[in-house]
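To start, the structure itself, in C-alpha coordinates.
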There are 2 protein chains.
Amino acid sequence: MNKVMFNLKNEKIPRATITRLALYVQQLEALEQKGEKVISSEKLAQECGVNPSQIRKDLAYFGEFGVRGVGYYIYELKEAIKKSLGLDRVWNVVLVGVGNLGRALLRHNVLRKRGFVIVGAFDCDPFKIGEEVAGLEVFCSSTLPDKIQELNAEIGIITTPPERAQRAANYLIKGGIKGIVNFAPTRISAPENIVVEYVDFINHLFSTAFQISLNQSKGLYI
Amino acid sequence: MNKVMFNLKNEKIPRATITRLALYVQQLEALEQKGEKVISSEKLAQECGVNPSQIRKDLAYFGEFGVRGVGYYIYELKEAIKKSLGLDRVWNVVLVGVGNLGRALLRHNVLRKRGFVIVGAFDCDPFKIGEEVAGLEVFCSSTLPDKIQELNAEIGIITTPPERAQRAANYLIKGGIKGIVNFAPTRISAPENIVVEYVDFINHLFSTAFQISLNQSKGLYI
DNA sequence: ATGATAGTGTGAAATTTTTAACAAATACTT
DNA sequence: AAGTATTTGTTAAAAATTTCACACTATCAT
(Lines give C-alpha, C1' and ligand atoms only; values in the text may rest on other atoms or scores of the structure.)
Protein backbone atom coordinates (compact mmCIF):
# COMPACT_ATOMS: atom_id res chain seq x y z
CA MET A 1 0.00 0.00 0.00
CA ASN A 2 2.57 2.55 1.04
CA LYS A 3 4.98 2.59 -1.82
CA VAL A 4 8.39 3.61 -0.64
CA MET A 5 10.10 6.47 -2.36
CA PHE A 6 13.74 7.34 -2.49
CA ASN A 7 15.68 10.56 -2.87
CA LEU A 8 18.82 10.84 -4.90
CA LYS A 9 20.94 9.60 -2.00
CA ASN A 10 18.68 6.53 -2.04
CA GLU A 11 17.26 7.16 1.39
CA LYS A 12 13.71 6.04 1.88
CA ILE A 13 11.35 8.98 1.99
CA PRO A 14 8.13 8.48 3.92
CA ARG A 15 5.00 9.05 1.92
CA ALA A 16 3.84 11.29 4.77
CA THR A 17 6.84 13.52 4.17
CA ILE A 18 5.77 14.16 0.59
CA THR A 19 2.28 15.05 1.73
CA ARG A 20 3.67 17.46 4.28
CA LEU A 21 6.05 19.05 1.79
CA ALA A 22 3.04 19.85 -0.36
CA LEU A 23 1.46 21.42 2.71
CA TYR A 24 4.56 23.48 3.40
CA VAL A 25 4.52 24.82 -0.15
CA GLN A 26 0.92 25.85 0.35
CA GLN A 27 1.68 27.69 3.57
CA LEU A 28 4.82 29.27 2.21
CA GLU A 29 2.86 30.68 -0.69
CA ALA A 30 0.31 32.13 1.69
CA LEU A 31 3.09 33.70 3.76
CA GLU A 32 4.70 35.07 0.63
CA GLN A 33 1.46 36.77 -0.28
CA LYS A 34 1.34 38.37 3.13
CA GLY A 35 4.73 39.86 2.32
CA GLU A 36 6.75 37.76 4.78
CA LYS A 37 10.34 37.04 3.84
CA VAL A 38 11.74 34.68 6.47
CA ILE A 39 10.23 32.04 8.71
CA SER A 40 11.49 29.66 11.39
CA SER A 41 10.63 25.98 11.48
CA GLU A 42 8.79 26.70 14.72
CA LYS A 43 6.48 29.28 13.18
CA LEU A 44 5.91 27.28 10.02
CA ALA A 45 5.16 24.23 12.12
CA GLN A 46 2.53 26.20 13.97
CA GLU A 47 0.90 27.25 10.70
CA CYS A 48 0.89 23.68 9.44
CA GLY A 49 -0.07 22.01 12.69
CA VAL A 50 3.02 19.81 12.86
CA ASN A 51 6.15 19.46 14.97
CA PRO A 52 9.09 21.78 14.17
CA SER A 53 11.60 18.92 14.20
CA GLN A 54 9.47 17.20 11.68
CA ILE A 55 9.79 20.06 9.25
CA ARG A 56 13.54 20.14 9.62
CA LYS A 57 13.68 16.38 9.20
CA ASP A 58 11.47 16.43 6.14
CA LEU A 59 13.63 19.08 4.50
CA ALA A 60 16.83 17.25 5.38
CA TYR A 61 15.93 14.49 2.95
CA PHE A 62 16.55 16.92 0.13
CA GLY A 63 19.25 19.25 1.36
CA GLU A 64 20.00 22.21 3.62
CA PHE A 65 17.73 25.10 2.88
CA GLY A 66 17.86 27.15 6.06
CA VAL A 67 20.27 29.49 7.77
CA ARG A 68 21.11 28.72 11.39
CA GLY A 69 20.10 31.42 13.78
CA VAL A 70 17.91 32.95 11.07
CA GLY A 71 15.39 30.52 9.63
CA TYR A 72 14.27 29.88 6.08
CA TYR A 73 13.95 32.44 3.31
CA ILE A 74 10.38 31.82 2.22
CA TYR A 75 10.72 32.25 -1.50
CA GLU A 76 13.84 30.17 -1.72
CA LEU A 77 12.53 27.40 0.47
CA LYS A 78 9.36 27.18 -1.56
CA GLU A 79 11.30 26.97 -4.79
CA ALA A 80 13.69 24.41 -3.32
CA ILE A 81 10.86 22.16 -2.22
CA LYS A 82 9.12 22.46 -5.56
CA LYS A 83 12.31 21.61 -7.34
CA SER A 84 12.90 18.65 -5.05
CA LEU A 85 9.45 17.33 -5.85
CA GLY A 86 9.87 17.85 -9.57
CA LEU A 87 7.37 20.70 -9.60
CA ASP A 88 9.67 23.23 -11.21
CA ARG A 89 8.12 22.52 -14.57
CA VAL A 90 4.75 22.03 -16.24
CA TRP A 91 3.15 18.58 -16.31
CA ASN A 92 0.76 17.72 -19.10
CA VAL A 93 -2.27 15.83 -17.90
CA VAL A 94 -5.12 14.04 -19.66
CA LEU A 95 -8.47 13.46 -17.99
CA VAL A 96 -10.72 10.48 -18.64
CA GLY A 97 -14.36 10.67 -17.61
CA VAL A 98 -16.18 13.94 -18.23
CA GLY A 99 -18.85 13.55 -15.56
CA ASN A 100 -19.60 15.97 -12.75
CA LEU A 101 -16.27 15.53 -11.08
CA GLY A 102 -14.35 15.52 -14.35
CA ARG A 103 -15.95 18.78 -15.42
CA ALA A 104 -15.18 20.34 -12.06
CA LEU A 105 -11.52 19.43 -12.41
CA LEU A 106 -11.39 20.65 -16.00
CA ARG A 107 -12.70 24.03 -14.87
CA HIS A 108 -10.71 24.12 -11.64
CA ASN A 109 -7.83 26.51 -12.11
CA VAL A 110 -5.97 25.35 -9.02
CA LEU A 111 -4.46 22.54 -11.06
CA ARG A 112 -3.07 24.92 -13.65
CA LYS A 113 -1.79 27.26 -10.98
CA ARG A 114 0.22 24.37 -9.54
CA GLY A 115 1.73 23.46 -12.86
CA PHE A 116 -0.60 20.70 -13.96
CA VAL A 117 -2.18 21.54 -17.30
CA ILE A 118 -5.01 19.40 -18.57
CA VAL A 119 -4.31 19.06 -22.27
CA GLY A 120 -6.95 16.51 -23.18
CA ALA A 121 -10.41 15.34 -22.07
CA PHE A 122 -11.79 11.91 -22.90
CA ASP A 123 -15.02 9.98 -22.45
CA CYS A 124 -16.67 6.93 -23.95
CA ASP A 125 -20.19 8.39 -23.99
CA PRO A 126 -21.10 9.33 -27.61
CA PHE A 127 -23.21 12.17 -26.27
CA LYS A 128 -20.20 13.73 -24.60
CA ILE A 129 -17.70 13.17 -27.40
CA GLY A 130 -17.33 16.34 -29.42
CA GLU A 131 -18.65 18.52 -26.62
CA GLU A 132 -16.43 21.37 -25.49
CA VAL A 133 -15.59 21.72 -21.80
CA ALA A 134 -13.33 24.44 -20.45
CA GLY A 135 -11.95 25.08 -23.90
CA LEU A 136 -11.18 21.41 -24.61
CA GLU A 137 -12.93 19.15 -27.08
CA VAL A 138 -13.91 15.82 -25.56
CA PHE A 139 -12.46 12.89 -27.49
CA CYS A 140 -13.33 9.22 -27.51
CA SER A 141 -11.44 7.27 -24.84
CA SER A 142 -10.30 4.73 -27.39
CA THR A 143 -8.17 7.40 -29.06
CA LEU A 144 -6.17 7.85 -25.86
CA PRO A 145 -3.14 5.75 -26.85
CA ASP A 146 -2.44 8.00 -29.85
CA LYS A 147 -3.46 11.24 -28.20
CA ILE A 148 -1.22 10.78 -25.19
CA GLN A 149 1.80 10.64 -27.48
CA GLU A 150 0.58 13.56 -29.50
CA LEU A 151 -0.21 15.73 -26.48
CA ASN A 152 2.94 14.71 -24.68
CA ALA A 153 1.00 13.85 -21.53
CA GLU A 154 2.66 12.12 -18.60
CA ILE A 155 -0.14 11.96 -16.05
CA GLY A 156 -3.68 10.66 -16.44
CA ILE A 157 -6.60 11.54 -14.19
CA ILE A 158 -9.43 9.02 -14.01
CA THR A 159 -12.85 10.39 -13.08
CA THR A 160 -15.00 7.67 -14.62
CA PRO A 161 -17.51 5.58 -12.70
CA PRO A 162 -15.70 2.78 -10.86
CA GLU A 163 -16.77 0.07 -13.29
CA ARG A 164 -15.00 1.85 -16.14
CA ALA A 165 -11.86 2.86 -14.28
CA GLN A 166 -9.79 -0.17 -15.23
CA ARG A 167 -10.60 0.23 -18.89
CA ALA A 168 -9.62 3.88 -18.74
CA ALA A 169 -6.40 2.86 -17.03
CA ASN A 170 -5.69 0.33 -19.77
CA TYR A 171 -5.99 3.00 -22.44
CA LEU A 172 -3.71 5.30 -20.48
CA ILE A 173 -1.14 2.58 -19.99
CA LYS A 174 -1.25 1.64 -23.64
CA GLY A 175 -0.51 5.26 -24.49
CA GLY A 176 2.60 5.20 -22.33
CA ILE A 177 1.34 7.26 -19.42
CA LYS A 178 3.76 7.45 -16.48
CA GLY A 179 1.37 8.15 -13.63
CA ILE A 180 -2.33 7.80 -12.88
CA VAL A 181 -4.40 9.69 -10.33
CA ASN A 182 -7.56 7.69 -9.81
CA PHE A 183 -10.63 9.45 -8.41
CA ALA A 184 -12.89 6.45 -9.04
CA PRO A 185 -13.64 4.52 -5.85
CA THR A 186 -11.96 1.31 -6.94
CA ARG A 187 -8.47 -0.15 -7.13
CA ILE A 188 -6.85 -0.47 -10.52
CA SER A 189 -3.98 -2.67 -11.62
CA ALA A 190 -1.03 -1.36 -13.58
CA PRO A 191 2.58 -2.36 -14.27
CA GLU A 192 5.12 -1.76 -11.55
CA ASN A 193 6.77 1.25 -13.18
CA ILE A 194 3.53 3.21 -13.46
CA VAL A 195 2.73 5.40 -10.47
CA VAL A 196 -0.84 5.03 -9.24
CA GLU A 197 -2.36 7.36 -6.65
CA TYR A 198 -5.86 7.09 -5.24
CA VAL A 199 -7.96 10.09 -4.31
CA ASP A 200 -10.89 9.09 -2.18
CA PHE A 201 -12.64 11.87 -0.35
CA ILE A 202 -15.29 9.51 0.98
CA ASN A 203 -12.55 8.39 3.37
CA HIS A 204 -12.54 11.82 4.90
CA LEU A 205 -16.28 11.80 5.40
CA PHE A 206 -16.02 8.34 6.96
CA SER A 207 -13.27 9.52 9.23
CA THR A 208 -15.19 12.64 10.19
CA ALA A 209 -18.31 10.63 10.96
CA PHE A 210 -16.30 8.20 13.05
CA GLN A 211 -14.61 10.88 15.07
CA ILE A 212 -17.90 12.65 15.66
CA SER A 213 -19.39 9.37 16.87
CA LEU A 214 -16.52 8.99 19.31
CA ASN A 215 -16.83 12.55 20.54
CA GLN A 216 -20.51 11.96 20.96
CA SER A 217 -19.96 8.84 23.02
CA LYS A 218 -17.72 10.92 25.24
CA GLY A 219 -20.55 13.40 25.67
CA LEU A 220 -18.59 16.18 24.06
CA TYR A 221 -21.56 17.86 22.42
CA ILE A 222 -24.22 18.05 25.10
CA MET B 1 -1.63 16.84 12.60
CA ASN B 2 -2.54 13.22 13.17
CA LYS B 3 -5.24 13.41 15.72
CA VAL B 4 -5.45 10.23 17.70
CA MET B 5 -8.72 8.40 17.89
CA PHE B 6 -9.93 5.91 20.43
CA ASN B 7 -12.32 3.00 20.34
CA LEU B 8 -14.67 2.19 23.13
CA LYS B 9 -11.99 0.25 25.02
CA ASN B 10 -10.01 3.49 24.84
CA GLU B 11 -7.26 2.01 22.71
CA LYS B 12 -5.63 4.42 20.33
CA ILE B 13 -6.72 3.76 16.79
CA PRO B 14 -4.31 4.82 14.07
CA ARG B 15 -5.71 7.24 11.56
CA ALA B 16 -4.38 4.91 8.87
CA THR B 17 -6.60 2.15 10.23
CA ILE B 18 -9.70 4.24 9.67
CA THR B 19 -8.66 4.99 6.11
CA ARG B 20 -8.09 1.32 5.47
CA LEU B 21 -11.41 0.32 7.02
CA ALA B 22 -13.09 2.61 4.52
CA LEU B 23 -11.17 0.83 1.80
CA TYR B 24 -12.23 -2.56 3.10
CA VAL B 25 -15.88 -1.51 3.01
CA GLN B 26 -15.43 -0.46 -0.59
CA GLN B 27 -13.90 -3.77 -1.59
CA LEU B 28 -16.41 -5.78 0.39
CA GLU B 29 -19.22 -4.05 -1.42
CA ALA B 30 -17.63 -4.86 -4.76
CA LEU B 31 -17.24 -8.51 -3.72
CA GLU B 32 -20.83 -8.60 -2.54
CA GLN B 33 -21.97 -7.41 -5.94
CA LYS B 34 -20.02 -10.20 -7.56
CA GLY B 35 -22.06 -12.59 -5.44
CA GLU B 36 -19.23 -13.67 -3.13
CA LYS B 37 -20.21 -14.68 0.38
CA VAL B 38 -17.00 -15.32 2.30
CA ILE B 39 -13.45 -13.98 2.06
CA SER B 40 -10.17 -14.57 3.84
CA SER B 41 -7.95 -11.79 5.12
CA GLU B 42 -5.36 -12.98 2.61
CA LYS B 43 -7.65 -12.53 -0.38
CA LEU B 44 -9.07 -9.25 0.85
CA ALA B 45 -5.55 -8.02 1.50
CA GLN B 46 -4.66 -8.81 -2.07
CA GLU B 47 -7.63 -6.82 -3.33
CA CYS B 48 -6.75 -3.87 -1.16
CA GLY B 49 -3.00 -4.03 -1.66
CA VAL B 50 -2.19 -4.41 2.04
CA ASN B 51 -0.79 -7.03 4.37
CA PRO B 52 -3.22 -9.71 5.65
CA SER B 53 -2.10 -9.29 9.26
CA GLN B 54 -2.86 -5.66 8.95
CA ILE B 55 -6.44 -6.36 8.11
CA ARG B 56 -6.83 -8.69 11.06
CA LYS B 57 -5.15 -6.16 13.32
CA ASP B 58 -7.32 -3.33 12.06
CA LEU B 59 -10.46 -5.33 12.69
CA ALA B 60 -9.30 -6.40 16.11
CA TYR B 61 -9.66 -2.84 17.35
CA PHE B 62 -13.39 -3.23 17.07
CA GLY B 63 -14.08 -6.88 17.78
CA GLU B 64 -13.91 -10.38 16.38
CA PHE B 65 -15.72 -10.60 13.10
CA GLY B 66 -14.21 -13.66 11.48
CA VAL B 67 -14.48 -17.41 11.83
CA ARG B 68 -11.23 -19.31 12.23
CA GLY B 69 -10.56 -21.74 9.44
CA VAL B 70 -13.25 -20.07 7.38
CA GLY B 71 -12.72 -16.35 6.92
CA TYR B 72 -15.14 -13.44 7.05
CA TYR B 73 -18.73 -13.42 5.92
CA ILE B 74 -18.70 -10.51 3.56
CA TYR B 75 -22.07 -8.95 4.33
CA GLU B 76 -21.63 -9.24 8.05
CA LEU B 77 -18.10 -7.90 8.04
CA LYS B 78 -19.12 -4.94 5.95
CA GLU B 79 -22.01 -4.15 8.27
CA ALA B 80 -19.81 -4.60 11.33
CA ILE B 81 -17.20 -2.18 10.02
CA LYS B 82 -19.82 0.36 9.06
CA LYS B 83 -21.36 0.11 12.47
CA SER B 84 -17.97 0.48 14.12
CA LEU B 85 -17.33 3.64 12.14
CA GLY B 86 -20.74 5.08 12.92
CA LEU B 87 -21.89 4.62 9.32
CA ASP B 88 -24.98 2.62 10.14
CA ARG B 89 -27.09 5.72 9.84
CA VAL B 90 -27.62 8.76 7.64
CA TRP B 91 -25.54 11.89 8.18
CA ASN B 92 -26.96 15.25 7.18
CA VAL B 93 -24.42 17.47 5.49
CA VAL B 94 -24.40 21.10 4.41
CA LEU B 95 -22.14 22.39 1.66
CA VAL B 96 -20.67 25.89 1.53
CA GLY B 97 -19.30 27.18 -1.75
CA VAL B 98 -21.27 26.38 -4.89
CA GLY B 99 -18.40 26.65 -7.36
CA ASN B 100 -17.28 23.98 -9.80
CA LEU B 101 -16.25 21.55 -7.13
CA GLY B 102 -19.26 22.27 -4.93
CA ARG B 103 -21.63 21.62 -7.81
CA ALA B 104 -19.85 18.39 -8.63
CA LEU B 105 -20.26 17.18 -5.07
CA LEU B 106 -23.90 18.25 -4.97
CA ARG B 107 -24.59 16.18 -8.07
CA HIS B 108 -22.32 13.31 -7.07
CA ASN B 109 -24.50 10.46 -5.89
CA VAL B 110 -21.65 8.53 -4.30
CA LEU B 111 -22.06 10.64 -1.19
CA ARG B 112 -25.72 9.74 -0.84
CA LYS B 113 -24.99 6.09 -1.53
CA ARG B 114 -22.61 6.10 1.41
CA GLY B 115 -25.09 7.65 3.76
CA PHE B 116 -24.10 11.28 3.51
CA VAL B 117 -27.03 13.40 2.39
CA ILE B 118 -26.43 17.00 1.44
CA VAL B 119 -29.42 18.83 2.87
CA GLY B 120 -28.32 22.40 2.22
CA ALA B 121 -26.18 24.42 -0.19
CA PHE B 122 -24.76 27.83 0.66
CA ASP B 123 -22.78 30.57 -1.04
CA CYS B 124 -22.11 34.26 -0.48
CA ASP B 125 -22.32 35.23 -4.15
CA PRO B 126 -25.64 37.06 -4.75
CA PHE B 127 -25.73 35.64 -8.27
CA LYS B 128 -25.70 32.12 -6.92
CA ILE B 129 -28.13 32.64 -4.06
CA GLY B 130 -31.58 31.48 -5.10
CA GLU B 131 -30.24 29.27 -7.86
CA GLU B 132 -31.22 25.61 -7.75
CA VAL B 133 -28.54 22.95 -7.94
CA ALA B 134 -29.28 19.24 -7.79
CA GLY B 135 -32.72 19.97 -6.35
CA LEU B 136 -31.45 22.28 -3.63
CA GLU B 137 -31.93 26.03 -3.40
CA VAL B 138 -28.72 27.89 -2.70
CA PHE B 139 -28.97 30.03 0.43
CA CYS B 140 -26.82 32.87 1.69
CA SER B 141 -23.92 31.66 3.80
CA SER B 142 -24.83 34.07 6.57
CA THR B 143 -28.01 32.10 7.20
CA LEU B 144 -25.97 29.00 8.02
CA PRO B 145 -26.15 29.26 11.82
CA ASP B 146 -29.96 29.06 11.74
CA LYS B 147 -30.20 26.62 8.85
CA ILE B 148 -27.85 24.08 10.38
CA GLN B 149 -30.18 23.77 13.36
CA GLU B 150 -33.23 23.64 11.16
CA LEU B 151 -31.80 21.03 8.80
CA ASN B 152 -30.29 19.03 11.61
CA ALA B 153 -26.89 18.94 9.89
CA GLU B 154 -23.83 17.57 11.66
CA ILE B 155 -21.16 17.81 8.98
CA GLY B 156 -20.18 20.78 6.83
CA ILE B 157 -18.29 20.57 3.56
CA ILE B 158 -16.30 23.64 2.55
CA THR B 159 -15.69 24.11 -1.18
CA THR B 160 -15.11 27.85 -1.20
CA PRO B 161 -11.97 29.54 -2.50
CA PRO B 162 -9.26 29.36 0.17
CA GLU B 163 -9.59 33.00 1.20
CA ARG B 164 -13.21 32.44 2.21
CA ALA B 165 -12.77 29.08 3.89
CA GLN B 166 -12.26 30.42 7.40
CA ARG B 167 -15.36 32.59 7.21
CA ALA B 168 -17.36 29.60 6.02
CA ALA B 169 -15.96 27.60 8.91
CA ASN B 170 -16.96 30.32 11.34
CA TYR B 171 -20.57 30.21 10.15
CA LEU B 172 -20.58 26.43 10.43
CA ILE B 173 -19.15 26.53 13.93
CA LYS B 174 -21.63 29.17 14.99
CA GLY B 175 -24.41 26.87 13.81
CA GLY B 176 -23.14 24.09 16.01
CA ILE B 177 -21.64 21.86 13.34
CA LYS B 178 -19.74 18.84 14.69
CA GLY B 179 -17.35 18.16 11.83
CA ILE B 180 -15.93 19.98 8.84
CA VAL B 181 -14.49 18.50 5.66
CA ASN B 182 -12.45 21.22 4.03
CA PHE B 183 -11.72 20.99 0.31
CA ALA B 184 -10.22 24.49 0.18
CA PRO B 185 -6.43 24.43 0.03
CA THR B 186 -5.86 26.19 3.33
CA ARG B 187 -5.80 25.35 7.03
CA ILE B 188 -8.71 26.49 9.15
CA SER B 189 -8.92 26.94 12.89
CA ALA B 190 -11.75 25.55 14.97
CA PRO B 191 -12.41 24.65 18.62
CA GLU B 192 -10.92 21.39 19.87
CA ASN B 193 -14.18 19.45 19.90
CA ILE B 194 -14.91 20.08 16.24
CA VAL B 195 -13.51 17.49 13.86
CA VAL B 196 -11.69 18.99 10.89
CA GLU B 197 -10.55 16.92 7.92
CA TYR B 198 -8.64 18.23 4.94
CA VAL B 199 -9.15 16.95 1.41
CA ASP B 200 -6.37 18.05 -0.85
CA PHE B 201 -6.06 16.21 -4.10
CA ILE B 202 -3.24 18.43 -5.27
CA ASN B 203 -1.14 16.39 -2.86
CA HIS B 204 -1.74 13.36 -4.97
CA LEU B 205 -0.67 15.13 -8.13
CA PHE B 206 2.43 16.37 -6.33
CA SER B 207 3.18 12.90 -5.12
CA THR B 208 2.62 11.42 -8.56
CA ALA B 209 4.88 13.99 -10.19
CA PHE B 210 7.56 13.35 -7.60
CA GLN B 211 7.48 9.60 -8.03
CA ILE B 212 7.59 9.93 -11.80
CA SER B 213 10.61 12.22 -11.46
CA LEU B 214 12.33 9.60 -9.34
CA ASN B 215 11.48 6.81 -11.75
CA GLN B 216 12.78 8.97 -14.53
CA SER B 217 16.06 9.57 -12.76
CA LYS B 218 16.38 5.81 -12.45
CA GLY B 219 15.90 5.51 -16.21
CA LEU B 220 12.69 3.54 -15.80
CA TYR B 221 10.96 4.97 -18.84
CA ILE B 222 13.52 4.80 -21.63
C1' DA C 1 -13.63 -40.32 14.49
C1' DT C 2 -9.21 -38.75 12.91
C1' DG C 3 -6.06 -36.30 10.24
C1' DA C 4 -5.19 -32.69 7.06
C1' DT C 5 -6.02 -28.08 5.56
C1' DA C 6 -7.37 -23.41 5.98
C1' DG C 7 -7.55 -19.26 8.33
C1' DT C 8 -8.44 -16.13 12.45
C1' DG C 9 -6.79 -13.53 16.60
C1' DT C 10 -2.88 -11.94 19.04
C1' DG C 11 1.59 -11.25 21.52
C1' DA C 12 6.22 -10.36 20.23
C1' DA C 13 9.63 -8.65 16.92
C1' DA C 14 10.86 -5.59 13.34
C1' DT C 15 10.35 -1.48 11.11
C1' DT C 16 9.07 3.09 10.44
C1' DT C 17 8.03 7.57 11.90
C1' DT C 18 8.02 11.16 15.16
C1' DT C 19 9.89 13.82 18.82
C1' DA C 20 13.51 15.46 21.74
C1' DA C 21 18.01 17.19 22.55
C1' DC C 22 22.03 19.44 21.45
C1' DA C 23 26.25 20.92 18.84
C1' DA C 24 27.18 24.18 15.23
C1' DA C 25 26.34 28.42 12.90
C1' DT C 26 24.56 33.09 12.38
C1' DA C 27 23.21 37.65 13.87
C1' DC C 28 22.74 41.13 17.22
C1' DT C 29 24.39 43.90 21.35
C1' DT C 30 27.45 46.16 23.99
C1' DA D 1 35.65 41.62 19.68
C1' DA D 2 33.37 38.90 22.91
C1' DG D 3 29.14 37.40 24.75
C1' DT D 4 24.20 36.38 24.15
C1' DA D 5 20.12 35.13 21.36
C1' DT D 6 18.34 32.32 17.82
C1' DT D 7 17.57 28.67 15.06
C1' DT D 8 19.21 25.13 11.98
C1' DG D 9 20.86 20.23 10.95
C1' DT D 10 21.46 15.90 12.99
C1' DT D 11 22.00 12.19 16.17
C1' DA D 12 19.70 9.60 19.59
C1' DA D 13 15.53 8.24 22.02
C1' DA D 14 10.71 7.43 22.02
C1' DA D 15 6.49 6.22 20.07
C1' DA D 16 3.67 4.30 16.71
C1' DT D 17 2.75 1.11 13.15
C1' DT D 18 3.44 -2.90 10.54
C1' DT D 19 4.73 -7.55 9.96
C1' DC D 20 5.74 -12.07 11.64
C1' DA D 21 4.76 -16.31 13.81
C1' DC D 22 2.01 -19.39 15.90
C1' DA D 23 -1.63 -21.22 19.05
C1' DC D 24 -6.26 -22.10 18.41
C1' DT D 25 -10.65 -23.14 15.87
C1' DA D 26 -13.41 -24.71 12.11
C1' DT D 27 -14.25 -27.45 7.96
C1' DC D 28 -13.59 -31.21 4.80
C1' DA D 29 -12.14 -35.76 3.32
C1' DT D 30 -11.31 -40.32 4.42
Side-chain angles (χ1 to χ4, degrees), chain A residues 1-7 9-21 23-24 28 31 36-74 76-78 80-81 84 207, chain B residues 1-7 9-21 23-24 28 31 36-74 76-78 80-81 84 207:
Chain A
M1 182 171 210
N2 284 308
K3 279 190 202 125
V4 182
M5 295 166 270
F6 296 85
N7 68 1
K9 292 171 211 153
N10 242 38
E11 290 170 296
K12 284 179 220 159
I13 299 176
R15 136 82 37 114
T17 291
I18 304 301
T19 302
R20 282 191 301 265
L21 286 172
L23 174 61
Y24 305 157
L28 290 168
L31 289 163
E36 309 275 338
K37 297 286 177 220
V38 187
I39 196 165
S40 67
S41 58
E42 173 126 20
K43 279 265 186 66
L44 182 58
Q46 226 160 3
E47 298 280 339
C48 298
V50 304
N51 181 294
S53 298
Q54 184 131 72
I55 292 186
R56 302 202 293 275
K57 197 71 185 262
D58 285 340
L59 296 176
Y61 285 111
F62 297 98
E64 302 190 7
F65 306 119
V67 184
R68 295 181 186 202
V70 178
Y72 300 91
Y73 292 100
I74 290 173
E76 288 171 21
L77 179 57
K78 187 198 69 179
I81 296 176
S84 301
S207 187
Chain B
M1 184 174 208
N2 284 308
K3 274 184 205 133
V4 182
M5 296 167 267
F6 296 85
N7 68 0
K9 292 171 210 154
N10 240 39
E11 289 169 295
K12 283 179 222 157
I13 299 177
R15 136 82 37 112
T17 291
I18 304 301
T19 302
R20 281 191 301 264
L21 287 172
L23 174 60
Y24 305 157
L28 290 168
L31 288 163
E36 309 274 338
K37 297 288 177 219
V38 187
I39 195 165
S40 66
S41 58
E42 173 125 21
K43 279 265 186 67
L44 182 58
Q46 227 161 1
E47 299 279 340
C48 299
V50 303
N51 182 294
S53 299
Q54 184 130 71
I55 292 186
R56 302 202 294 273
K57 207 55 181 263
D58 285 340
L59 296 176
Y61 284 111
F62 297 98
E64 303 189 5
F65 306 119
V67 185
R68 295 183 185 200
V70 179
Y72 300 92
Y73 291 101
I74 289 173
E76 289 172 20
L77 179 56
K78 186 198 68 180
I81 296 176
S84 300
S207 188

What integer distance in Å separates A/Leu77:CG from D/dT8:P?
10 Å
D/dG9 phosphate, OP1 or OP2: any side-chain N/O from A/Tyr72 under 4.0 angstrom?
yes
Nearest-Å distance for atom pair CG/C1', residues A/Asn51 and D/dA13:
14 Å
Rounded distance (Å) that lies between atom P of C/dT10 and atom OH of B/Tyr61
12 Å
How far apart are the closest heavy atoms of B/Phe65 and B/Leu59, and which atoms are they?
CE1-O, 3.6 Å
State which of C/dT18, D/dT8, D/dA26 makes the closest approach to the side chain of B/Val67.
D/dA26
List the atom of B/Ala45, the atom of B/Asn51, and the distance in Å for their closest heavy-atom pair.
CB-C, 3.9 Å
Run the numbers on B/Tyr72 and B/Leu28 for side-chain contact (heavy atoms from CB on, under 4.5 Å), then give the verdict.
CA-CA 10 Å; B/Tyr72 300 92; B/Leu28 290 168; over 6 Å; no
Roughly, in whole Å, what's the span from CD1 in A/Ile39 to P in D/dT7?
11 Å
Paired with D/dA16 by Watson-Crick or G-U wobble geometry, both distances under 3.5 Å: which nucleotide is it?
C/dT15
Are A/Ser41 and D/dT8 close enough that a side-chain N or O sits under 4.0 Å from OP1 or OP2?
yes
So does A/Glu42 have more than 12 non-hydrogen atoms from other groups sitting under 6.0 Å from CD?
no
If the glycosidic angle sits within 90 degrees of zero it is syn, else anti. Tell me which applies to D/dA5.
syn
Atom-to-atom span, CD1 of A/Ile13 to C1' of C/dT17 - whole angstrom:
14 Å
Quick one: closest heavy-atom pair of B/Ile39 and B/Leu44, and the distance?
CD1-N, 3.7 Å
Residue-phosphate contact under 4.0 Å: A/Arg20 side-chain N/O, C/dT18 OP1/OP2:
yes
Closer to the 5' end of DNA chain C via nearest nucleotide, is it B/Glu42 or B/Lys57?
B/Glu42
In terms of the nearest nucleotide of DNA chain D, which residue is placed more toward the 5' end: B/Arg56 or A/Val70?
A/Val70
Counterpart base for D/dA5, defined by Watson-Crick or G-U wobble contacts under 3.5 Å
none
Using atom CD1 of B/Ile55 as one end and atom P of C/dG7 as the other, report the distance to the nearest whole Å.
13 Å
By the 4.0 Å heavy-atom rule, please label B/Ser53 as base, sugar-phosphate, or nothing.
base
Expressed as a whole number of angstroms, how long is the span from A/Glu64:CD to C/dA24:C1'?
11 Å
Whole-Å gap separating P (C/dT17) and CZ (A/Arg15)
11 Å
Want to settle it: does A/Tyr73 or A/Thr17 sit nearer the 5' end of DNA chain C, counting the closest nucleotide to each?
A/Thr17
